Amino acid sequence: MNKRLLLILIAACCMATAAAQRLGGIVGYQLTQGVQTTTDHLVNFNATPGSGFAVGVLFDWDITNRWGLEVAATYNLRTSHYNLHYLSDTTTRFKRQLYFLNIPVHAYVNFPFRKWTLALYFGPSFNVGLHGKDMAWENTDWQKPVMFEEDELYGDDGRLYRFEIGAEIGLNAKYRNFIWSIGYHHGFNNLDKNDYQWTLDLPTDTKSYVTMGEVKVSFGYLFDLKK
């Protein structure tokens, strides 16, 4: 992992802590859709969504009565599923688990509603892969494990790049010190290194692409640091 990038992200979190008007904890659930494609048209990954979680801290402050900023730092799990078909006669099922540090930076606009405040948010999201693995087995009655797919997914010999940049949009509902949130994240850059084989031999000039999208639901409690 790029240590300089990690230090920059940690420094950004420290600056957010110093500037925040409110600080609290958040937990959440996410439904991840992994998009895996390849230039080999005989291969179909048949991706389906998987569940995950997020837990971490949230920094929040108002710029004006209408506009504000929030920054989070969370430890996340993403899971996704694939049913790999090749030439319609080779099928392997995969379950992918990815653990990563997620740092979204949101601008939001407030809309007061009685005792509640609704806030529409949007902004970039920075993700750093920490560790992950693929679990694979033959799609047969015997469900024979495919051990080749149990290697660590990140690192010099891994099959995925660690860093992902994306964008998020969603809605917050705030009541006193409580906050509920629902949103959508979409990753932009290709995470696949294109230098590994699956459970079948792809042509050497084949390129593959991996991106992630997810629906995120979270709940948090914020402490007012200015009182």
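Quick caveat, the model's predicted, so the values are computed rather than measured.
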Taking [X] for the side chain and [Y] for the main chain, is one N or O donor matched with an acceptor at less than 3.5 Å?
X	Y	answer
Asn177	Leu222	yes
Asn189	Phe163	yes
Glu70	Ala107	no
Thr64	Arg66	yes
Asp224	Arg22	no

Identify the heavy atoms of [X] and [Y] that sit nearest to each other, and give their distance.
X	Y	answer
Gly220	Ile26	CA-CG2, 3.8 Å
His81	Lys95	CE1-CG, 3.7 Å
Asn110	Asn65	ND2-O, 3.7 Å
Thr211	Gly187	CB-O, 4.1 Å

Just so I know, are the side chains of [X] and [Y] near enough to count as touching, which here means a heavy-atom distance under 4.5 Å?
X	Y	result
Val71	Trp61	yes
Leu98	Thr32	no
Val210	Arg159	no
Arg78	Asn127	yes

Exercise. Which class fits the ring pair His106 and Tyr121: parallel under 30°, tilted 30 to 60°, perpendicular over 60°?
Worked result: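 If you compare the ring of His106 with that of Tyr121, the planes turn out parallel.
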For this session: Decide yes or no on side-chain contact (heavy atoms from CB on, under 4.5 Å) for Phe100 and Met212, but give the supporting numbers first.
Result: CA-CA 13 Å; Phe100 61 97; Met212 295 284 181; over 6 Å; no
For this session: Before giving the answer on side-chain contact (heavy atoms from CB on, under 4.5 Å), spell out for Leu160 and Arg96 the whole-Å C-alpha distance, their side-chain angles and the decisive distance to 0.1 Å.
Result: CA-CA 12 Å; Leu160 296 180; Arg96 171 165 288 175; 4.1 Å; yes
For this session: Kindly say whether the aromatic ring centers of Phe219 and Tyr221 come within a distance under 6.0 Å.
Result: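 Ring-ring flag for Phe219/Tyr221: false, centres at least 6.0 Å apart.
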Exercise. Does the side chain of Lys216 pick up a donor-acceptor pair with the side chain of Asn102 at under 3.5 Å?
Worked result: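 Short answer, yes.
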Exercise. With distance as the sole criterion, is a donor-acceptor pair present between the side chains of Asn44 and Tyr82 under 3.5 Å?
Worked result: no
Seminar exercise, completed: d(Leu153 CG, His131 NE2) to nearest 0.5 Å is 11.0 Å
Exercise. How long is the span from the OH atom in Tyr209 to the CD atom in Gln36, to the nearest 0.5 Å?
Worked result: 11.5 Å
